[in-house]
S.K.: 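Sharing a structure here in structure tokens format.
So you know, we letter chains A, B, ... as the sequences are listed, proteins then strands, and number each from 1.
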Amino acid sequence: MSVLDSKIPDGPLETKWTDYKSHVKLVNPSNKRKLEVIVVGTGLAGASAAASLAELGYKVKAYCYQDSPRRAHSIAAQGGINAAKNYKNDGDSVFRLFYDTIKGGDFRAREANVYRLAEVSANIIDQCVAQGVPFAREYGGLLDNRSFGGAQVSRTFYARGQTGQQLLLGAYSALSRQIGIGNVEMFSRHEMVELVNIDGKARGIIARDLKTGKLERHFGHAVVLATGGYGNVFFLSTNAMGCNVTAAWKAHKQGAFFANPCYTQIHPTCIPVSGDYQSKLTLMSESLRNDGRVWVPKKQGDKRKPQDIPEDERDYYLERKYPSFGNLAPRDIASRAAKEACDDGRGVGESGLAVYLDFADAIKRLGKSVVEARYGNLFDMYHHITNEDPYEVPMRIYPAVHYTMGGLWVDYNLMTTVPGLYATGECNFSDHGANRLGASALMQGLADGYFVLPYTIGDYLAGEIFTKSIPTDHPAFDAAEKAAAERINKLLAVKGNRTVDDFHKALGKIMWEYCGMARSSEGLTKAQAMLKQLREEFWSDVRVTGGANELNVDLEKAGRVADFIELGELMVTDALSRNESCGGHFRVEYQDEGEAKRNDQDYAYVAAWEHKGVGQQAALHKEALKFENVKLATRSYK
Amino acid sequence: MSKKSTHNGLFSTLIGKKMLMGVTGIFLITFLVVHCAINSLIFFNDGGELFNEGAKFMGTNVLIRIMEVVLFLGIIAHIVDALLLTLANNKTRSTGYQYQKPNANSKWYSRWMGLLGTLILMFLIVHLKDFWVPSRFTDHIAHSELEKLPGQETLFEEMKEVFENPLIVILYVASMVSLAYHLLHGFQSAFQTMGWNHPKYTPIIQKTGFWFSIIIPILFALMPIVMHLGIIK
Amino acid sequence: MKFNLKIWRQKNAQAAGKMVDYTIDNINADMSFLEMMDVLNEELIRKGEEPVAFDHDCREGICGMCSMHINGRPHGPLRGTTTCQLYMRNFTDGETIYIEPFRANAFPIIRDLVVDRSAFDRIMQVGGFVSVNTGQVQDANNIPVVKADADLAMDAASCIGCGACVAACKNASASLFVGAKISQYALLPQGRIEAKERVLAMVNQMDEEGFGSCTNTGACEAECPKGISLSNIARMNREYYSASIS
Ligand SMILES: Cc1cc2nc3c(=O)[nH]c(=O)nc-3n(C[C@H](O)[C@H](O)[C@H](O)COP(=O)(O)OP(=O)(O)OC[C@H]3O[C@@H](n4cnc5c(N)ncnc54)[C@H](O)[C@@H]3O)c2cc1C
Ligand code: HEM
Ligand code: SF4
Ligand code: FES
């Protein structure tokens, strides 16, 4: 049997979570006060968890690298959050949301987790509304919904184009309340740089105070990582500049398995790269595809202006290939189709790495004012960034890295393979399989933090009530701090010639080229060698200015890039070992005329990797995925 | 709420103090209306007859006399409060910007209310010395031509005398410019301070404030000018 | 494009700072302002100097992390945008650009252009919330909200907490930020229950943090990247008076 025990409760899918909650071990209130929980990250997943745990009575310490917990990257989500409320009476249900998520994930997620997610989704909306989150409403005063990301029901709740912001501010307000009461101690501008492991259990972290550079020791009976995704391994992504894998990676090196690292989501509608100085990519909400039509010229290398290309010389390739979903085909499919068109020499714009998203028909059909009411702010944003007016000329868009489905492996309790170490939100791998549906990440982050972890962590902490707080002069803390300090000093000591960004860009190029939208055995093998070389060069030629004991942005970046390089190696390894195409993982060898070809026979498993040392081949552990409630089917959107 | 609010009453906070600014400001505005209305009686050019009537009423009516005290308290409160706020606000940014473009985001007169107010205060001192002190504390001023005793003058005559001095006229006109700008910001600001901001009414208040700030000071400024030039006799 | 930069450099909170001149060349007009800063920093690092520290994260105008007082104005010359949404095409070739940190005693400088805005968090901690615990709540649609109020609440809630309002205000007042938060809750039935305690607590904390009072100059509204309206300050004042006297 595999070392992985997913701890999925027995019983029918529909009652697993209810039964679990009825039987899970509880911690009595007076003991909760003695139990300390560390929550790293204050995004949707972290802030909601920290607040909820504090409300229950635990002593919580929370950390974020930004200057305020309110700025976690969850804030950038635009589109919306799904919930099976069926307020629209259009046939939505918990099962349907569950099924859509499993199917959207290309049958590579765990049934029990996803079902639980769909179940608690409705509570999230209730919670957020009670907190004062200003969701969009109809004239009757009730909540509005829209259909999102190609879903056939309208189950997406939204707050203008700022849903993530409003949800995060809701969670932040709950967190602030607990900080004010004194139940949560907040450490902003702190970066977790090491996990402290005592007798095989997670017992604390080493955090660097980014203002002073001081390394600090913090004890917790349990540690929760809610540190977000690792999309920045590609250098260019829609993630915030500071998003990093460092916390998760340190945990990985301390024994937490990393699952499905190669599953990355490439979002089809981003503003294309404009030059090599580009520092990040901007997402244009997927909702644009509700009315915009995607096309490229039929002729290769057609450099005419879009308005000069007659209708019959345009290829509306999504409508052509996927007549039933058309422009609303799921993200991975739409992205790949754009890449294909560009690879075929039919890309547009100066770089040839873009396709048109055209609103001319929508404006003709609906009138400019309707289009403006629906997308005005997005059009303005596009205009602002590109200096082109999308009311006049079609938008140019191109896919960009957006989300990482992979992450720390967790069981049904959201606990990693290190006892006492939990991972929630984008940081874990759990619910989206090989591809995430739109508006489901916000749902997952809040589900984990508000409604799952507060129950499941009790199961572990109930066994810890006799563990006294471990003083931070314990040898394990000494060792962890020493390791962190040595690493920092090592980075500063290289004094090489290349800047950190230089390495980060090089890493991004390799990853995008070989482990991006299309992967091949040959390319991945090449990438492996390149990454190894890059890692070695990094440690011998990087230049990090400044000192350890001060605010040092260069040093912060260096630490993160060092971890990204190692992660990149693991991603490539994972991609190479998964000889199938599924969701965001597309191996060119495994396709049916451009359509991903899954191999359920051999690959219906979660690949959980065990760290064996830097530069060493990681060990693969497989968690077989059992589908008892859905039939595995080819994911067709034709 | 997490923290049992340690609130020490309306005026303990800067918002409370600012409210007093607004209340007294609006009160002073109403005073300006009355004052301007009475003084404008000189424009009838009747040798000051109507004006002296008005001045007599203002000088003798009990209610008005009580209001005069309130007015002084109001001015003092306005000034003291202005001082308190200015002192508090001067402590909020010890190191300033090397380079700033404040005109890009606000009007100069909104930022210089304290200076404009101080100019008005200096004017008030001169103004009170010239008119209010003699009429209240000396028996130099008579209520009308008929009641005039030897050596007495009517207020109207006193005005003519004072405004013979061109420097005084210039001072008055300049001060009215200060007042105009003080009001240009202050009128609408007072409503905002009181929390009276409404999509429908705020534009009306702003327009009213604009014209008020121009018309009242112009009327006031015309008084010394026309008297100095002898247009009003 | 070429620019002369005058940038505030300050090693840490205690050290004295000063403006330092840099020139930068070969800047593409389509670069964002922060990308220009990246280019400068890369050059500095190559020369063995320490890069300019500045706050930023999302680079799409939503996290509120970027600050900077550029050419005399918080978030630079363009209205309704954050620093990260500025592009070099918004400047003229050869221009001298002044880059300073947001200044207010309530926002102490940490290093170079990085300031500490945790005063905002502390204001939020005394009342910027509705006191509901997870799980205590009723069905979302049991709380209908008049659409117009919901929309106004959303307008107020779109504040990103960047602090430009404070940086622009001659009094370093935080009224726009606090007014927006108080308004959001005051407009919603969920927030009414604690409206009185909230406004008193937050207004007191705002004073305690050392922010100034509001002179209604409107500088905050003009510089706010999210167009938060002054009407929120009026609403806060109203809420405050009625809470104080009741
Ligand atoms: C542009 C964009 C748009 C999106 N739109 C949608 C959408 O419409 N709907 C949807 O469902 N999803 C959307 N997503 C995805 C979704 O926003 C994220 O997956 C989700 O918000 C992640 O939340 P999180 O709490 O897991 O992590 P984050 O919000 O990323 O939070 C991570 C936290 O961890 C902290 N942290 C990280 N590393 C460390 C460290 N080493 N030490 C200390 N602290 C650390 C950070 O400070 C931060 O507080 C979007 C994503 C992007 C990028
Ligand atoms: C007839 C005389 C005056 C009138 C009609 C008047 C009117 C006003 C009004 C309406 C306001 C706006 C209040 C608000 O924003 O809520 C105001 C503000 C102000 N006034 Fe006056 N005022 C007068 C005299 C003075 C004097 C003599 C001084 C000072 C010495 C003064 C100093 C100020 C200051 C500093 C403010 C701005 C306060 C702030 O917001 O910081 N004013 N005045
Ligand atoms: S009110 Fe505007 S300027 Fe002030 S913090 Fe909020 S978004 Fe920034
Ligand atoms: S970096 Fe996030 S708002 Fe500018």
Side-chain angles (χ1 to χ4, degrees), chain B residues 1-19 21-23 81-82 84-114 185-186 188-199 202, chain C residues 6 8 17 19 69 71-74 77 98 100 103-106 109 125-127 129 131 166-173 175 194 197-198 200-201 203-207 210-223 229-231 233-241 243-245:
Chain B
M1 294 289 118
S2 55
K3 195 164 147 186
K4 207 67 231 109
S5 48
T6 48
H7 185 60
N8 299 321
L10 179 61
F11 297 112
S12 65
T13 64
L14 291 175
I15 293 190
K17 295 198 177 69
K18 181 65 203 255
M19 176 186 151
M21 219 52 215
V23 173
D81 201 23
L84 288 177
L85 285 174
T86 308
L87 284 178
N89 290 337
N90 283 349
K91 281 197 299 230
T92 58
R93 184 176 286 126
S94 315
T95 315
Y97 294 103
Q98 304 276 324
Y99 177 61
Q100 225 184 343
K101 267 194 196 146
N103 290 329
N105 56 37
S106 55
K107 297 277 191 287
W108 69 266
Y109 49 84
S110 300
R111 300 190 304 271
W112 291 102
M113 286 296 277
H185 173 80
Q188 52 82 34
S189 171
F191 285 83
Q192 165 79 6
T193 300
M194 300 310 295
W196 299 323
N197 183 310
H198 188 278
T202 298
Chain C
K6 289 183 182 295
W8 183 263
M19 298 298 278
H69 197 260
N71 270 352
R73 301 176 63 184
Y98 286 77
E100 299 176 70
R103 295 231 181 244
N105 291 358
I109 294 182
Q125 285 155 16
V126 300
F129 46 78
S131 300
V166 174
C169 176
K170 74 177 183 68
N171 307 335
S173 168
S175 293
E194 298 167 283
E197 294 83 353
R198 175 179 304 111
L200 294 181
V203 165
N204 274 293
Q205 188 66 29
M206 167 164 78
D207 281 5
F211 294 106
S213 80
C214 177
T215 298
N216 303 325
T217 66
C220 53
E221 183 187 62
E223 298 295 6
S229 152
L230 284 181
S231 59
I233 299 183
R235 193 176 289 104
M236 165 172 70
N237 294 353
R238 278 200 306 271
E239 291 284 320
Y240 174 78
Y241 305 146
S244 280
I245 58 182

S.K.: Give the minimum heavy-atom separation between B:His185 and C:Thr215, together with the two atoms involved.
M.R.: NE2-O, 2.8 Å
S.K.: Distance-only, no hydrogens or angles: does the C:Asp207 side chain make a donor-acceptor pair with backbone N or O of B:Leu14 under 3.5 Å?
M.R.: yes
S.K.: Check each atom of C:Cys169 against the heavy atoms of chain B and say whether the ones under 4.5 Å are side chain, backbone, both or neither.
M.R.: backbone
S.K.: Indicate the atoms forming the closest heavy-atom contact of B:Leu85 with C:Ser213, along with that distance.
M.R.: CD2-OG, 3.7 Å
S.K.: Is the side chain of C:Thr217 donor-acceptor paired with the backbone N or O of B:Ser110 at a distance under 3.5 Å, no angle test?
M.R.: no
S.K.: Which one wins on heavy-atom pair count under 4.5 Å against chain B: C:Ala168, C:Ala219, C:Ala222, C:Ser231?
M.R.: C:Ala219
S.K.: Counting heavy-atom pairs under 4.5 Å to chain C, which of B:Met194, B:His198, B:Met113 comes out on top?
M.R.: B:Met194
S.K.: Under 4.5 Å from any heavy atom of chain B, what part of C:Ile233 do you find: side chain, backbone, both or neither?
M.R.: both
S.K.: Report which part of C:Arg235 has an atom under 4.5 Å of a heavy atom belonging to chain B: side chain, backbone, both, or neither.
M.R.: neither
S.K.: Hey, what do you get for NZ (B:Lys101) to CD (C:Glu223), rounding to the nearest 0.5 Å?
M.R.: 10.5 Å
S.K.: Tell me yes or no: between the side chains of B:Ser94 and C:Asn105, is some donor less than 3.5 Å from an acceptor?
M.R.: yes
S.K.: So, taking the atom named CZ in C:Arg73 and the one named OH in B:Tyr97, what distance separates them when rounded to the nearest 0.5 Å?
M.R.: 12.5 Å
S.K.: Are any side-chain N or O atoms of C:Tyr240 and backbone N or O atoms of B:Leu10, one a donor and one an acceptor, separated by less than 3.5 Å?
M.R.: yes
S.K.: Is it the backbone or the side chain of C:Phe211 that comes under 4.5 Å from a heavy atom of chain B, or both, or neither?
M.R.: backbone
S.K.: Checking side chain to side chain contact (heavy atoms under 4.5 Å, CB included) for the pair C:Asn237/B:Lys18: CA distance, chi angles, key distance, verdict?
M.R.: CA-CA 10 Å; C:Asn237 294 353; B:Lys18 181 65 203 255; over 6 Å; no
S.K.: Check whether B:Lys17 gets within reach of chain C through its side chain, its backbone, both or neither, counting any heavy atom under 4.5 Å.
M.R.: neither
S.K.: May I ask you to name which of C:Glu100, C:Glu239, C:Arg238 has the most heavy-atom pairs under 4.5 Å with chain B?
M.R.: C:Glu100
S.K.: Under 4.5 Å, counting heavy-atom pairs only, tell me which of B:Arg93, B:Gln100, B:Arg111 racks up the most with chain C.
M.R.: B:Arg93
S.K.: Check for a donor-acceptor pair, side chain of B:Asn89 on one end and backbone N or O of C:Gly212 on the other, with a separation under 3.5 Å.
M.R.: no
S.K.: Examine whether an atom of C:Ala167 lies under 4.5 Å from a heavy atom of chain B, and if so say whether it belongs to the side chain, the backbone or both; otherwise answer neither.
M.R.: both
S.K.: Check whether B:Thr86 gets within reach of chain C through its side chain, its backbone, both or neither, counting any heavy atom under 4.5 Å.
M.R.: neither
S.K.: With chain C as the partner, which of B:Asn90, B:Asn8, B:Asn197 has the greatest number of non-hydrogen pairs under 4.5 Å?
M.R.: B:Asn197
S.K.: Quick check against the 3.5 Å criterion: does C:Asn216 have a side-chain atom that pairs as donor or acceptor with the backbone of B:Ala190?
M.R.: no
S.K.: Examine distances only and state if a side-chain atom of B:Gln98 and a backbone atom of C:Tyr98 form a donor-acceptor pair shorter than 3.5 Å.
M.R.: no
S.K.: Counting only non-hydrogen atoms closer than 4.5 Å, does B:Ala88 touch chain C with its backbone (N, CA, C, O), its side chain (CB onward), both, or neither?
M.R.: neither
S.K.: Would you say B:Thr13 and C:Asn204 are linked by a side-chain donor-acceptor pair, where the criterion is simply a distance under 3.5 Å?
M.R.: no
S.K.: Between B:Thr95 and C:Arg103, is the side chain to side chain contact (heavy atoms under 4.5 Å, CB included) condition met? List the steps.
M.R.: CA-CA 7 Å; B:Thr95 315; C:Arg103 295 231 181 244; 3.7 Å; yes
S.K.: What option among C:Ile109, C:Val203, C:Val166 has the most heavy-atom pairs under 4.5 Å with chain B?
M.R.: C:Val203
S.K.: Just how far is it from atom CE of C:Met19 to atom OH of B:Tyr99, taken to the nearest 0.5 Å?
M.R.: 11.0 Å
S.K.: Less than 4.5 Å apart, side chain to side chain, heavy atoms only: is that true for B:His7 and C:Ser244?
M.R.: yes
